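Before any comments, here is the structure.
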Amino acid sequence: MTQTSESVTWLTQEAYDQLKAELEYLSGPARTEIATKIAAAREEGDLRENGGYHAAKEEQGKQELRVRQLTQLLENAKVGEAPTTSGVVAPGMVVTIAFDGDEDDTMTFLLASREYASSAVETYSPQSPLGTGVMGKKVGEDAQYEMPNGNKASVKILEATPYQG
């Protein structure tokens, strides 16, 4: 199967290792823990009115969803180094854009997988409309992307610097 650039997630070795460790924990010890909780709650009797049982089953569902997400992400991951040079928009860069060339109407964001999302800076996926529009552009260049309503928006790349996490 050939991977398209849209399905690939670029990760640093450190991020890959963290996600792999989380997957191993959720697939092993965490599954055992939740199975034990469910079994203990089941022993309490009537499952229809057993809040502990239902909470444990809900937790199990969330955990299994995360296992599937991590498995898919890691299957499609390419491990590489974060960009070290400024000036060209790529995954791992903090990008500042001006909407419609208006340098007073700007936005700064990290172009990265949502696994990198932090409260310090808003994160946009390279596969998002904005991400695909600015990808590969150099500082000073204009880019266009399609908004959810189908209209086109224009932005100017003001800055692109490596994310310092």
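Quick caveat, the model's predicted, so the values are computed rather than measured.
Listed for the Gln63 side chain is a donor-acceptor partner under 3.5 Å among the backbone atoms of Ala30. Judged by distance alone, the side chain of Asn50 and the main-chain N or O of Ala41 form a donor-acceptor pair under 3.5 Å. Glu43 places no side-chain N or O within donor-acceptor distance of the main-chain N or O of Ala40, the cut-off being under 3.5 Å. Of the possible polar contacts, one joining the Thr132 side chain to the Pro129 backbone as a donor-acceptor pair under 3.5 Å is found.
In terms of heavy-atom proximity, Gly131 sits nearest to Ser128 at N-OG, 2.9 Å. Considering every non-hydrogen atom in both Gly140 and Lys156, the closest pair reads O-CE, 3.5 Å. For Gly92 against Leu110, the heavy-atom pair with the smallest separation is C-CD1, 4.0 Å. Closest approach of Ile38 and Ala56 over heavy atoms only: CG1-CB, 3.7 Å.
At least one side-chain heavy atom of Pro126 sits under 4.5 Å from a side-chain heavy atom of Leu111. A 4.5 Å side-chain heavy-atom check between Gln60 and Lys37 finds every atom pair outside the cut-off. Contact of the Leu130 side chain with the Ile97 side chain is registered, since non-hydrogen atoms from C-beta on lie closer than 4.5 Å. The shortest distance between side-chain heavy atoms of Phe109 and Val134 falls below 4.5 Å. Put simply, the side chain of Leu74 reaches to within 4.5 Å of the side chain of Leu19, judged on heavy atoms. Taking 4.5 Å as the limit, every side-chain heavy atom of Pro29 sits out of range of all side-chain heavy atoms of Glu24. With a 4.5 Å cut-off on side-chain heavy atoms, Val88 and Lys137 do not count as touching.
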> Do Leu70 and Leu26 pass the side chain to side chain contact (heavy atoms under 4.5 Å, CB included) test, and can you show the C-alpha distance, the side-chain angles, and the key distance before you say yes or no?
Replying inline: CA-CA 10 Å; Leu70 288 171; Leu26 291 175; 4.0 Å; yes
>> For a side chain to side chain contact (heavy atoms under 4.5 Å, CB included) check, start with the C-alpha distance between Tyr25 and Glu33, then their side-chain angles and the critical distance, and finish with the verdict.
In response: CA-CA 11 Å; Tyr25 171 74; Glu33 290 169 18; 3.2 Å; yes
>> Show, in sequence, the C-alpha distance, side-chain angles and deciding distance for Ile157 and Lys138, and conclude whether the side chain to side chain contact (heavy atoms under 4.5 Å, CB included) test is met.
In response: CA-CA 7 Å; Ile157 311 301; Lys138 294 180 178 136; over 6 Å; no
>> Checking Ser154 against Asp142 for the side chain to side chain contact (heavy atoms under 4.5 Å, CB included) test, could you report, in this order, the C-alpha distance in whole Å, the side-chain angles of both residues, the deciding distance, and whether it holds?
In response: CA-CA 7 Å; Ser154 295; Asp142 292 326; over 6 Å; no
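How far OH of Tyr145 is from NZ of Lys152: 11.5 Å, rounded to the nearest 0.5 Å. Atom CD in Gln18 sits 13.5 Å away from atom CG in Leu23 (nearest 0.5 Å). Considering CG of Leu65 and NZ of Lys62, their distance stands at 10.0 Å, rounded to 0.5 Å. To the nearest 0.5 Å, the span separating CD on Glu59 from CD on Glu64 amounts to 11.0 Å. Atom CZ of residue Arg31 and atom OG1 of residue Thr36 lie 14.0 Å apart, to the nearest 0.5 angstrom. For the atom pair Glu122 CD and Tyr124 OH, the distance stands at 4.0 Å (nearest 0.5 Å).
By the ring-ring contact (aromatic ring centres under 6.0 Å, His included) test, Tyr53 pairs with no residue at all, sequence neighbours left out. With sequence neighbours left out, Thr96 forms a side chain to side chain contact (heavy atoms under 4.5 Å, CB included) with Thr106, Thr108, Leu158, Glu159.
Only one option out of Gln69, Glu75, Arg68 pairs with Thr71 in a side chain to side chain contact (heavy atoms under 4.5 Å, CB included); it is Glu75.
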